[in-house]
Amino acid sequence: MLKQLKHLTKKDWIFALIIAAFVVCDVYCELRIPEYMQQIVITIKSGGTVNDILANGAKMLMFAVFAILSVIIAKFFSSRVAIGLGKKLRSKIYNKVIDFSDAEIKKFSTSSLINRTTNDVVQVQSIVAMGLTLLVKAPVMAVMAIIKIVNTNLAWTLATAIAVGMIFITLLIITFVAIPKFKKIQTLTDNLNKITRENLTGTRVVRAFNAEDYQQSKFEKANEEITDNHLFISKTMSLIDPTMTIVMNGLPLAVYIIGAILIYNAGMFEKLSILANMTVFGSYSIQVIMSFIALIMIFMQLPRAQVSARRINEVLETKSTIEDGKGTDKPIKTGEIQFVNVGFKYPEAEEYVLHDINFKVKQGEVVAFIGSTGSGKSTLINLVPRIYDATEGQVIVDGVNVKDYTVEQLNDKIGYISQKAILFSGTVKSNVTMGLKNGEKPTDEDVKNALDIAQAKFVYKLDGGVEARIDQGGKNVSGGQKQRISIARALARKPEILIFDDSFSALDYKTDKALREALKTKAEGTTCLIVAQRIGTIKNADKIIVLDKGAVVGEGKHDELMKNCSIYKEIALSQLSKEELKNA
């Protein structure tokens, strides 16, 4: 929890000092009010005038107003500091997650990262807002009030001590019984969030397979776990209300009973003094109890906030496996790629997915990768944009190891179209132009050219054309339309290297062919890496690399591989007849 405080700025610490000052002012004012109550009683006893009583009443009112103003100001600044801290934490988590590689995303899971950015930050924010005022006020009030009453009357002091003891016993029960359950809440919330998210994103699949009951049972199980946890905590916390009711009502009753006995046994001239002392002691003792109740409130919230703070720290302290290199000043922009003895295995895996990969791609070449499912095609091309880093060997772009580039420098060279097309909420134009490099201003001509090459002319028929709305994830367009807009996004930035990770699979054969022809004529000089399952898509590539079980088992043109590579020939003949292959 303390690690979160390092995110406070110098201005926040100044605000914290201001808060502390006004909290102390509030405590001072509240403790002065009973003194004037005592003075009013003494004034009445000594036969004072109404003006004397009004004067003491006016002072009471003045201190009450100062106390209220102090609380308002302290709350204002504490809220500002807490909300500011929440804003900084959300920004830091977001910026950290943006730099994560796939390995870190999978380690935490998407649902957990969303929860840490939202719910966990709110928990920390709440405890800071509460702590800035109550953590100062409660102990200061308790100490000063105890000093005021400690030597007043032994019986009254003992009654107050018993009340405080009851509060401490309640606090111990909460600490040892409820706090362990508090620590489970965030994990259970993550699980519930994950299942709910799966149901919402996969609702079509759930309905298609009549799996509503199965998904409902998963949700109910997760919901029941978090409900049982909350119920256990609530049952334990239910001790607080009756305890506080007994203490808050029992202590004044005890003070008045003791006071009544003292007044009954006192002489005529002492009765009014005892009454005045009883009134003051009752006020101070309630303030002592309220201070300890405030501490209990903090202890109730602190365990969950500590868990949330730890979860936030886990994200902020996780180092991405993809780190910036020193950068390069080389002006070479040819789009040449070379794999030198490259091997790769996933983090914490024992077996290599790729091993001993060697090939070279010249500027403007179209190189295709094909192989059976799980042969390592996507993994291989993902090493170029550093979605993963090679475990062994070197991946070289324009004569420089990709690990020596900054991530931004490397990304500026590449246009990447992922296996799963992803669009963002906004417009067609905003999705296409988000691929432009920093500082570049999109023009309508650039957008049109990119859409035309990507065979996305359907956009012009949409309501609004390039300004047509796109829902989150592209839910309002088809799979093929999403893929074409994704391709246009990559083309719009005019990269040196285009990477198609099985990006033609959602396109029909006619669109596939038209897109390849447009790339050949309008994106000449751009190096293309294509992962595909269709022979027709890659048949005319400058070079085809065949993968099997993570190794290169064939390399060359289509005709060469049909003669020399049995795996390629087997794949080709499984899709097309010999006559179709000749005409493809």
Side-chain angles (χ1 to χ4, degrees), residues 102 337-346 349-362 365-397 402 414 416-421 483 487 497-507 509 512-513 515-516 519 527-578 580-581 584:
D102 274 17
I337 303 168
Q338 186 175 5
F339 277 58
V340 182
N341 301 321
V342 170
F344 173 78
K345 64 178 178 179
Y346 288 103
E350 295 182 1
E351 296 184 2
Y352 277 78
V353 178
L354 299 171
H355 46 87
D356 198 26
I357 304 293
N358 290 277
F359 65 86
K360 186 173 183 179
V361 183
K362 296 178 182 177
E365 278 191 328
V366 177
V367 177
F369 301 85
I370 195 168
S372 60
T373 302
S375 59
K377 305 182 296 297
S378 293
T379 302
L380 186 148
I381 64 167
N382 284 337
L383 298 179
V384 179
R386 294 190 71 195
I387 293 174
Y388 296 103
D389 269 339
T391 309
E392 295 176 354
Q394 292 183 322
V395 179
I396 298 170
V397 173
V402 292
I414 296 170
Y416 180 79
I417 304 97
S418 62
Q419 195 168 13
K420 181 182 178 182
Q483 198 62 273
I487 293 170
I497 302 166
L498 276 170
I499 298 177
F500 297 88
D501 185 4
D502 201 12
S503 309
F504 296 87
S505 59
L507 307 180
Y509 286 100
D512 183 336
K513 186 176 181 180
L515 175 55
R516 285 185 283 113
L519 285 171
T527 303
C528 292
L529 303 182
I530 301 174
V531 169
Q533 301 292 343
R534 297 174 186 166
I535 291 296
T537 301
I538 65 172
K539 181 175 178 287
N540 297 317
D542 297 313
K543 186 189 295 182
I544 300 170
I545 294 175
V546 185
L547 293 172
D548 185 51
K549 296 179 181 179
V552 175
V553 295
E555 183 176 342
K557 289 183 175 292
H558 169 75
D559 293 335
E560 296 171 357
L561 292 170
M562 286 297 291
K563 295 176 182 177
N564 305 323
C565 182
S566 60
I567 292 177
Y568 181 81
K569 185 176 181 180
E570 184 181 339
I571 294 171
L573 292 174
S574 69
Q575 297 181 17
L576 301 169
S577 66
K578 291 180 180 180
E580 288 173 324
L581 283 170

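Nothing here was measured: the structure is a model prediction, and the numbers come from that model.
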* Can a salt bridge be assigned to the pair Lys563 and Asp559 using a cut-off of 4.0 Å between side-chain N and carboxylate O? -> no
task: Indicate the ring-plane relationship of Phe500 and Phe504, choosing parallel, tilted or perpendicular according to the 30° and 60° boundaries.
output: tilted
So CG of Leu507 and CD1 of Ile487: to nearest 0.5 Å the spacing works out to 5.5 Å
In this structure, CD of Gln419 is separated from CD of Gln483 (nearest 0.5 Å) by 9.5 Å
Exercise for the section: Could you tell me whether the side chain of Ile571 reaches within less than 4.5 Å of the side chain of Ile535, counting heavy atoms only? Expected result: yes
One should read off an interatomic distance between Thr527 OG1 and Ile337 CD1, to the nearest 0.5 angstrom, of 6.0 Å
In this structure, CE of Met562 is separated from NZ of Lys539 (nearest 0.5 Å) by 9.5 Å
key: Validation row: Ile417, Leu498 side chains within 4.5 angstrom (heavy atoms)   = yes
Kindly say whether Asn341 contributes a backbone atom to a donor-acceptor pair with the side chain of Asn358 at under 3.5 angstrom? yes
All heavy atoms of Leu383 vs all of Val402, minimum pair found to be O-CG2, 4.2 Å
Correct closest heavy-atom pair for Ser375 and Leu354 would be O-CD2, 4.4 Å
When every non-hydrogen atom of Ala541 is compared with those of Ala368, the smallest separation belongs to CB-CB, 4.0 Å
For the side chain of Lys543 and the backbone of Val361, is there at least one donor-acceptor N/O pair under 3.5 Å apart?
-> no
Heavy atoms, side chains only, cut-off 4.5 Å: are Tyr416 and Asn382 in contact?
-> yes
Applying side-chain contact (heavy atoms from CB on, under 4.5 Å) to Arg516 and Thr537, what does each step give before you reach the verdict?
CA-CA 8 Å; Arg516 285 185 283 113; Thr537 301; 4.0 Å; yes
Between Ser418 and Ser503, the two heavy atoms sitting closest are O-OG, 3.7 Å
task = Verify side-chain contact (heavy atoms from CB on, under 4.5 Å) between Phe339 and Val384, making sure each step is shown before the conclusion.
result = CA-CA 9 Å; Phe339 277 58; Val384 179; 3.8 Å; yes
Note: Cys565 and Val553 closest approach over all heavy atoms is SG-O, 3.9 Å
Requested in this report: Check whether any side-chain heavy atom of Leu547 lies under 4.5 Å from a side-chain heavy atom of Val552, and answer yes or no.
Outcome: yes
d(Leu561 CG, Ile370 CD1) to nearest 0.5 Å is 9.5 Å
Output for pair (Ile567 CD1, Asp548 CG), nearest 0.5 Å, gives 3.5 Å
For Ala532 and Asp502, the nearest pair of non-hydrogen atoms, with its separation, is CA-OD1, 4.0 Å
Mind checking whether Phe344 and Tyr388 have parallel, tilted or perpendicular rings, split at 30° and 60°? tilted
| query | Could you walk me through whether Leu380 and Lys377 pass the side-chain contact (heavy atoms from CB on, under 4.5 Å) check? | reply | CA-CA 5 Å; Leu380 186 148; Lys377 305 182 296 297; 5.9 Å; no
Q) Counting N and O atoms only, with roles assigned by atom type, does the side chain of His355 sit under 3.5 Å from a partner on the main chain of Lys345, one being a donor and the other an acceptor? A) no
Hits for side chain to side chain donor-acceptor pair (under 3.5 Å) against Glu560, two or more places apart or cross-chain, chain-then-number order -> none
